[in-house]
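Below you'll find the structure, written out as structure tokens, and then a few comments.
Each chain gets a letter, A, B and so on, in the order its sequence line appears, and its residues count up from 1.
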There are 2 protein chains.
Amino acid sequence: MKSYKDLSPSLRTIMTPGPVEVDPRVLRAMSYPILGQFDPEFTELMNETMEMLRDVFQTSNQWAYPIDGTSRSGIEAVLVSVIEPGDKVLVPIYGRFGNLLVEISERCGAEVVLLEKEWGTVFDPQEIIAAIHREKPDIVAIVHGETSTGCVQPLEGIGAACREVDALLVVDAVATIGGVSVQTDAWQLDAVIGGTQKCLSVPSGMAPITYNERVEAKVLRRKTIERGLRENGPAATDAVAAGKPVASNYFDLGQLQDYWSPKRLNHHTESTSMLYALREGLRLVLQEGLEERFDRHKRHEAALVAGLKAMGLTLYGNPTCKLPVVTCIQIPEGIDGESVRAMLLNSFGIEIASSFGPLKGQIWRIGTMGFSCNQKNVLHVLGALEAVLLWHDAAITSGKALQAALSVYAPKEEELPC
Amino acid sequence: MKSYKDLSPSLRTIMTPGPVEVDPRVLRAMSYPILGQFDPEFTELMNETMEMLRDVFQTSNQWAYPIDGTSRSGIEAVLVSVIEPGDKVLVPIYGRFGNLLVEISERCGAEVVLLEKEWGTVFDPQEIIAAIHREKPDIVAIVHGETSTGCVQPLEGIGAACREVDALLVVDAVATIGGVSVQTDAWQLDAVIGGTQKCLSVPSGMAPITYNERVEAKVLRRKTIERGLRENGPAATDAVAAGKPVASNYFDLGQLQDYWSPKRLNHHTESTSMLYALREGLRLVLQEGLEERFDRHKRHEAALVAGLKAMGLTLYGNPTCKLPVVTCIQIPEGIDGESVRAMLLNSFGIEIASSFGPLKGQIWRIGTMGFSCNQKNVLHVLGALEAVLLWHDAAITSGKALQAALSVYAPKEEELPC
């Protein structure tokens with residue numbers, strides 16, 4: 001029998017657009033002994049997690065709970081539950097994750113209408129609103145923050161347009177939740193999916209979602225009671241609603257909300273340690289304060305950007321729609337982007353990201369998310385990147401990056417004590 | 001802003017059929033800082049986890065990896081990937097989780113053929129083999145260990161019959177993996193799904209699966225490259241295979257195996273801390289030894305059963321097919337089963353389970369699984385159950401249960417030192 005070594009992961013500075021470093025208090029939460037899923041102590045923790053999610057999603061929706069899977073499981077759960085085969089889904093795409101919304105919608109049997117925008121920029125909301133009036137879709141699905149391009153899509157006004165044509169607005173806020181304001185109610189978003197492993201700084205493995213009564217109405221029209229749980233026997237048809245049933249059991253929001261309600265109707269076995277982690281991560285977000293947290297993300301972004309520019313590097317993407325938590329950098333001419341990333345990891349213990357599809361080999365992506373978004377990390381990555389680029393004979397300016405970042409961090413004159 | 005208390009879960013003795021207590025070494029593994037998903041250190045841990053899963057599933061299959069979700073996510077991933085709409089699926093049912101296989105298969109668009117057996121007993125494999133020859137299904141899906149009834153289905157011979165009619169055999173071994181022998185290769189099982197939160201004693205949140213080249217052939221016929229990752233652009237059709245595409249992106253084994261292969265083609269973001277937990281849980285299983293572990297489960301079952309019988313309680317189900325890791329007890333006439341469970345939890349910190357559907361209110365279920373399966377716990381639950389039943393004025397024999405269990409644990413004469 002082969003013997004396997006004790007787990008002993010290296011300590012990394014993780015400056016990717018996720019997964020990012022996890023707050024030690026969240027790691028500690030995961031090390032606590034577990035409770036049974038129907039233990040009243042555990043269901044109370046589930047309820048508290050729902051309450052905290054409402055605050056973080058800025059909503060008064062009844063339904064706010066995690067799907068037990070990684071971020072895309074939350075996206076699929078919402079889409080498969082609201083898309084009836086044949087529904088028309090409008091997807092405005094401006095990066096890789098818009099394509100994921102298309103892919104999942106198509107698998108759900110939707111007729112998908114694309115609205116495409118050059119990568120590195122976003123839509124004027126009026127373009128989307130015009131398309132909504134023209135296409136009259138059943139569902140509009142859009143990404144809030146595209147980690148693939150480092151852009152953030154303004155959403156104001158889109159929700160109102162959806163209501164005019166009776167469409168549901170589904171928003172992928174995986175990259176933004178907890179780092180950039182996501183105003184579920186104010187923006188009239190019908191369903192929102194967040195991610196844990198980015199600005200919430202909880203490990204990957206849960207996908208918090210929220211949805212309102214407009215979504216719930218569609219979910220209930222398609223609801224069934226699980227075959228093995230029907231009180232009048234498995235073949236009972238009174239347990240099946242009129243709409244086309246959801247193609248997934250695992251992702252059926254109608255069954256999931258019964259599990260998350262006081263009914264506690266058995267479905268999956270809640271992922272205990274991940275729930276502990278999510279609860280603790282949310283608690284820390286609310287303890288810091290949402291506005292304070294968004295400001296922190298902007299402050300460290302400013303320092304990072306100042307440093308990169310001072311080094312002579314060129315940022316990718318339209319600065320007017322830059323996502324504060326992801327900074328994309330053009331790989332300088334003649335430099336092997338993967339060699340730079342490998343040296344950052346192997347010599348400095350720092351991870352930054354490459355990119356996908358058309359941007360593969362063109363840009364690096366640096367995340368400033370959640371617990372990873374701090375002064376020490378920003379200074380560390382700037383210093384190391386400068387050294388590694390010089391080592392690769394890149395034509396950059398030396399000695400300026402850290403000075404520029406430190407200037408951003410230096411207290412302003414009006415903040416100094418008299 | 002409401003302030004939330006520090007997490008401080010009570011310590012429980014969890015004697016349900018899952019989730020059960022987690023080995024402290026597994027809890028510790030989850031508290032380690034995370035690595036990025038493409039960090040070579042992390043992908044090495046992924047590879048080691050695959051290796052260990054092959055040993056635990058007793059297979060030489062190339063594919064053995066976890067789905068990032070709870071146990072039923074693994075079942076759905078296998079079924080949605082192998083069932084093409086219109087496929088005929090034969091499901092022999094002898095408890096609740098057989099009904100779950102029917103429910104998921106129907107949602108995948110299968111024509112489902114049921115074979116039903118009274119709860120509390122199992123099929124003679126010959127009955128299933130005859131049905132396979134008669135129905136010539138595309139897929140046979142069956143539960144190995146039914147936690148709802150505490151029965152285990154013998155599987156020998158069924159795999160060979162499936163090959164005769166070119167059917168795939170899918171086995172739900174969620175309850176048995178790591179506690180009862182699951183001989184994937186010897187029994188010719190084409191796909192097997194395990195659970196983490198039962199005999200592996202890892203928290204819920206991952207579902208290890210394995211499948212052979214017969215399953216892979218079907219998966220590859222239906223494979224697509226994710227839209228956002230196609231090298232010739234999102235609309236490229238050369239990235240789409242000939243079969244009907246899988247209805248799920250999250251559960252598409254064709255994409256998942258690319259992520260788990262040296263290609264590391266991006267899909268979801270692997271659930272880092274759960275992967276640490278699974279790796280550690282598997283390491284502990286292999287360190288103990290599979291046969292030694294199965295024997296341990298049988299030894300503690302014997303002690304528990306001896307104690308329950310000595311108390312005068314009646315077990316539920318046919319003893320010839322009893323699942324060693326779950327013991328079902330008839331609730332004595334006139335006793336409120338839920339009141340007994342509540343007192344066990346509130347006064348003794350012990351959790352045992354109720355049941356589902358037709359057995360609701362009829363039986364209790366006690367698990368002896370993984371880390372929870374130990375002498376201290378068995379003795380604790382017997383002593384507490386006796387006290388609680390006496391408190392409820394049940395007509396049981398006092399003073400005998402622990403003596404009977406202790407007799408099982410006492411060294412046999414031939415084992416004593418001279």
Side-chain angles (χ1 to χ4, degrees), chain A residues 1 4 7 9-12 14 16 18-19 22 27-37 39 41 48 68-73 76 96 99-100 102-104 107 197 203-205 226-229 234 245 247-250 266 268-274 276 279-280 283 286 351 356-357, chain B residues 1 4 7 9-12 14 16 18-19 22 27-37 39 41 48 68-73 76 96 99-100 102-104 107 197 203-205 226-229 234 245 247-250 266 268-274 276 279-280 283 286 351 356-357:
Chain A
M1 177 81 62
Y4 294 90
L7 188 65
S10 296
L11 294 178
R12 302 293 200 205
I14 311 185
T16 66
V22 176
L27 294 174
R28 183 185 60 178
M30 278 187 295
S31 73
Y32 285 9
I34 75 163
L35 291 162
Q37 65 172 327
D39 191 316
E41 255 190 51
E48 285 182 359
D68 283 5
T70 70
S71 303
R72 65 172 61 196
S73 78
E76 187 159 321
R96 173 190 170 192
N99 279 308
L100 179 61
V102 175
E103 156 132 359
I104 296 173
R107 292 189 189 225
Q197 81 281 14
S204 174
E226 190 172 302
R227 204 183 139 81
L229 299 178
S248 169
N249 165 278
Y250 194 70
N266 196 250
H268 63 287
T269 298
E270 187 54 15
S271 183
T272 318
S273 305
M274 280 302 303
Y276 287 178
R279 178 187 177 279
E280 184 67 5
R283 198 172 76 95
L286 296 174
E351 192 186 9
F356 310 106
Chain B
M1 175 82 65
Y4 294 90
L7 187 65
S10 296
L11 295 179
R12 303 293 199 205
I14 311 185
T16 66
V22 175
L27 294 174
R28 182 184 62 177
M30 277 188 295
S31 73
Y32 284 9
I34 75 163
L35 291 162
Q37 66 172 327
D39 191 317
E41 254 190 50
E48 285 182 0
D68 283 5
T70 70
S71 304
R72 66 173 59 194
S73 77
E76 186 159 319
R96 172 189 171 193
N99 278 307
L100 180 62
V102 175
E103 156 131 357
I104 296 174
R107 292 189 188 224
Q197 81 281 13
S204 173
E226 190 171 300
R227 202 183 140 80
L229 299 176
S248 169
N249 165 278
Y250 194 70
N266 195 250
H268 63 287
T269 298
E270 186 55 13
S271 183
T272 318
S273 305
M274 281 302 303
Y276 287 179
R279 178 187 177 280
E280 184 66 6
R283 198 173 75 94
L286 296 174
E351 192 185 11
F356 310 105

Name the region of A:Ser10, side chain, backbone, both or neither, that has any atom closer than 4.5 Å to a heavy atom of chain B.
-> both
Using a cut-off of under 4.5 Å on heavy-atom pairs, state which of A:Leu100, A:Asp68, A:Thr269 scores highest against chain B.
-> A:Thr269
With respect to chain A, which residue among B:Ser71, B:Ala29, B:Gly18, B:Ser73 yields the maximal number of heavy-atom pairs within a distance under 4.5 Å?
-> B:Ser73
Bottom line for A:Phe356: the part with an atom under 4.5 Å from chain B's heavy atoms is side chain
Among the options A:Glu41, A:Gln197, A:Glu351, pick out the one with the most heavy-atom pairs lying under 4.5 Å from chain B.
-> A:Glu41
Taking the side chain as C-beta and beyond, is there a heavy-atom pair between A:Asn266 and B:Arg96 under 4.5 Å?
-> yes
Side chain to side chain donor-acceptor pair (under 3.5 Å) against B:Glu48, all qualifying residues, sequence neighbours excluded | B:Arg279
Side chain / backbone / both / neither for A:Glu226 at chain B, heavy atoms under 4.5 Å | both
Would you mind telling me which of A:Glu103, A:Arg28, A:Met30 has the largest number of heavy-atom pairs within less than 4.5 Å of chain B?
-> A:Glu103
Ignoring hydrogens and angles, tell me if any N or O in the side chain of B:Arg283 forms a donor-acceptor pair with the backbone of A:Tyr4 under 3.5 Å.
-> yes
If one checks every heavy atom of B:Ile14 against chain A at 4.5 Å, the contacting part turns out to be side chain
Distance-only, no hydrogens or angles: does the B:Arg107 side chain make a donor-acceptor pair with backbone N or O of A:Ser248 under 3.5 Å?
-> yes
Is there a donor-acceptor pair closer than 3.5 Å between any side-chain N or O of A:Tyr250 and the backbone N or O of B:Thr70?
-> yes
Flag, side chain of A:Gln37 to backbone of B:Pro19, donor-acceptor distance under 3.5 Å = no
State whether the side chain of B:Ser31 and the backbone N or O of A:Ser31 hold a donor-acceptor pair below 3.5 Å, judged by distance alone.
-> no
Side chain to side chain contact (heavy atoms under 4.5 Å, CB included) with B:Pro33: which residues, sequence neighbours excluded?
-> A:Leu11, A:Leu27
Can you see which heavy atom on A:Arg227 is nearest to which on B:Asn99, and at what distance?
-> NE-OD1, 2.8 Å
Identify which part of A:Arg72 has an atom lying under 4.5 Å from any heavy atom of chain B, answering side chain, backbone, both or neither.
-> both
Whatever's closer than 4.5 Å to a heavy atom in chain B on A:Thr16 counts as neither
Any side-chain heavy-atom pair from A:Pro203 and B:Tyr276 closer than 4.5 angstrom?
-> no
